[in-house]
Every structure is written in C-alpha cells, then in structure tokens.
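Note that the structure is a prediction, hence the values are computed from the model and not measured. Indexing begins at 1, ligand by ligand and atom by atom, following the structure's order.
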Amino acid sequence: MSESWNKRTQAVHGGIRRSQYNEVSEAIFLTQGFVYENAEQAEARFIETGPDEFIYARYGNPTVSMFEQRVAMLEGAEDAFATASGMAAVNGALVSMLKAGDHIVSAKALFGSCLYIVENILTRFGVEVTFVDGTDLEQWKAAIRPDTKAVFFESMSNPTLEVIDITAVALLAHEVGALVVVDNVFSTPVFSRAIAQGADVVIYSATKHIDGQGRALGGVIIGTKDFIRGTVEPYLKHTGGALSPFNAWVMLKGLETMALRVNAQAESAQKIAEALEGHPALARTLYPGLKTHAQNALVQEQLGGKGGTVLSLDIKGGKEAAFAFLNALTIPVISNNLGDAKSIATHPATTTHQRLSEDQREELGITPGLIRLSVGLEDAGDLLADIERALATSQA
Ligand SMILES: *Cc1c(COP(=O)(O)O)cnc(C)c1O
C-alpha cells in the first residue's frame, strides 16, 4: 500500500517503526548495542539477523533503519544503507563493488571530494578510470568497454549545473552490464526519478536537502536489496561508515518537510535566475530551469522541468568583483553547504575547487568570477533585491 503513496506521504510516514509506547514522532534509539535474552539468541542473531533485529549500531540501528527505509521508498528502490556523510556513501558504494583491474568511466565534472576518490583512491588500488565530458554521449559511448564495471556521475554537476542524461548513459552502460552509479545531490530526492530512469545505485549527501537546515552530516546509498545487503553492507559494517542514530533522527525529521522546502527553494531559484538573466554585471547566469540552459530539454524530461535549488552567477570583473559581490550580500551567508534554509553564496575557485589546477578549473567552466548560490527559504523578492544591490557594488 505504502508503495502507491505519493512521495509527500512517503516522506512523512515511510519506514516508521514504533516501540511498545506507540510514540507519534520517530524515537531516537541512541544505543550502540542490543541485549540478547540468552546466549542461544545471541548465537542465532549472528548467524542470521532478521529484519527487526539488531546487533550493533555499526551494522544497523532502529532509528537509522527507519531513515533507510523511508529514503528507499521515496526513490522507488528496494533498499538503502545510511552513512556518516555523503562522502562515506560515495566511497562505500564505489569501493565495495570494485577491485584491482576493474575499469570505470566517470564524468569529469565532479564535486572535489568525489574527484579525489575516483582519481586518487580508486586508482591507487588498481582501478582504471576513464574520464569523459558527462554531457557528451559520444564520449560515454567511446569510453565504455565490454569489461567496464561501473559508470559514475553527478546527475547535475557542481558548480556549473550541467545535467547528464541518466536514461541515455544507462542504456550504454547496461549493454555491457556496467552498474550506473549516480550522485544525485543537486537533483534532490524531490525531483529525482533516477532509479526509474535507469540508475542502479543512487547516492545522496543527506547533509544537503534532506537535513536542509545545516545541522548534521549524513549520507545514503540506495539500490537493490542484493546490492545493498550483498555488496555495500559487508563493506560498510566492517569499515565503520555508519550514520549515528541521532543524525538519522534529524534526517527523518528533515524528510518530513523536504518537499515543501525544496519546491519553495526551487521556485525562488527559478524566479531569481529569470530576473538576473542578461543582467549587465553578469557574463553568464547558469540555472537548469532557464530555457536558455544547454540541457533545458533534458531538465523537462528528467526532472519534470525543475531546475533545482542552486544557481551559478558568473560576475564580470573576475575574482575582485566576485569578492566585492560576496562581501556586499546581507542575506545569503558566505559558506559552502547547499540545500539549506539559509541562502548560501560560495566562490568555488578559491574554496570548494581551490585544489584543482587553473587549467582544470578553466576546462570545467569554474571562472574567477563564478559564484554558486544555494537559494534558501527567505522571501525571493528580498533575496533578489539583495543580490541586485550586491551586483551593483561589484561593478563599482
Ligand atoms: C556535498 C556533496 C557531497 C558530499 O557530502 P557530505 O555529506 O558533505 O560528505 C557529495 N556529492 C555532492 C554532489 C555534494 O554536493
């Protein structure tokens, strides 16, 4: 029955597990362990752990399990494994399935830490990686080989907001039996239908829109029961990337309001992007919801026309103008999270993407004037007025 619920109903009631007190709000089981009634029960549980049985919080915990089941339901998947952060999820999904000698294909426009895992860690253990421009299907076609084990990409890239065609890449990957692993943070669980569109494994940093209020780190890997329990769980339960029960509870509460928040934030982002497009202080206004965005047709198909909650502004005048803009803002804070209720402005070239070489940044379109703006829950008119005033300051 719950499978036929709308996403908004699932996000409020999915996966709920009540104790003997029948509490309304999800309980926080802040416990690392669980008492066995006798030695025989302990022995039996280590042989086979039932769905409502727990051993140790690194393996699983009732509050964490509620979060996993709710997210899996929302994504239309069989199962999920919650992790301590989004990066623990990316690392867990990739490392658990790969071994020395394997080949993967990855989009090159990746969040800095994702790039580090693919480029520095996987290769150190003998995994061969081919990088492609994720928006160019010809490059995917040329790079995927009969022995390719997986493809990896961010469905909407950070910070230049390129959108990758999940269905088309999945078609190519599945021809050779490669798993399609999607970091879906920017698409958000609200607008995503990634599993239905061909993704085998979907990853979220719950730190972003799922919490949505900048409080806790968390992550989740979503996929088939076989992949989650057979491949991911053995790796994560022994290597210690588990989500804390308290953070799982924060995320459960976040999921209840996520659709309202993310829809409101995306609506404001669309308004602000439309109002700023063509502004004389801007060299580029990047937002997937704009008709002028290079992949807007794909956004209509893949995300129901929703461009997400983040936009990027390329300010004329380079770093100096970008810094003047940041320092003149009075509502968005200068920080580096996204999906938060508070609008957040980031200068990727000197912060999140500082580690890249100048050439790499140029290739990815991360110019010295580029500002990433995560649109929060403030009034869109207030935000726009503040941004326009700061833009004027940036050109003074
Ligand atoms: C933030 C982010 C991550 C990492 O998540 P953490 O919770 O900070 O570890 C991974 N991928 C993308 C696209 C992100 O934006």
Per-atom contacts, ligand 1 versus Gly218 - under 4.0 Å to a heavy atom: 7 (O)

In the protein, which heavy atom is nearest to atom 6 (P) of ligand 1, and how far is it? Gly86 N, 3.3 Å

One finds that the ligand 1 atoms under 4.0 Å from a non-hydrogen atom of Glu154 are 13 (C)

Quick test: of every protein heavy atom, which one is nearest to atom 11 (N) of ligand 1, and how far off is it to 0.1 Å? Asp183 OD2, 2.6 Å

Show which atoms of ligand 1 fall inside a sub-4.0 Å distance from at least one heavy-atom site of Lys208. 1 (C), 2 (C), 3 (C), 5 (O), 14 (C), 15 (O)

What's the separation between atom OG in Ser394 and atom CG in Leu282, rounded to the nearest 0.5 Å? 8.0 Å

For ligand 1 and Leu217, I'd like to know whether there is a polar contact (N/O to N/O, distance under 3.5 Å). no

Side-chain heavy-atom pair Leu286, Leu311 within 4.5 angstrom cut-off: no

For ligand 1, find out whether one of its N or O atoms is nearer than 3.5 Å to an N or O atom of Met87. yes

Protein heavy atom at shortest distance from atom 7 (O) of ligand 1: Thr207 OG1, 2.6 Å

Atom CZ of Arg372 and atom CD1 of Ile366: how far apart are they, to the nearest 0.5 Å? 10.0 Å

Should you measure from each heavy atom of Phe186, which atoms of ligand 1 turn up under 4.0 Å away? 15 (O)

In terms of the angle between their ring planes, are Phe246 and Trp249 parallel, tilted or perpendicular, with boundaries placed at 30° and 60°? tilted

is_close_aromatic(Phe323, His347), centroid dist under 6.0 Å: yes

So, Ser65 and Gln69: side-chain donor and acceptor under 3.5 Å apart, yes or no? yes

Counting only heavy atoms not in Glu23, do more than 12 sit closer than 6.0 Å to its CD atom? yes

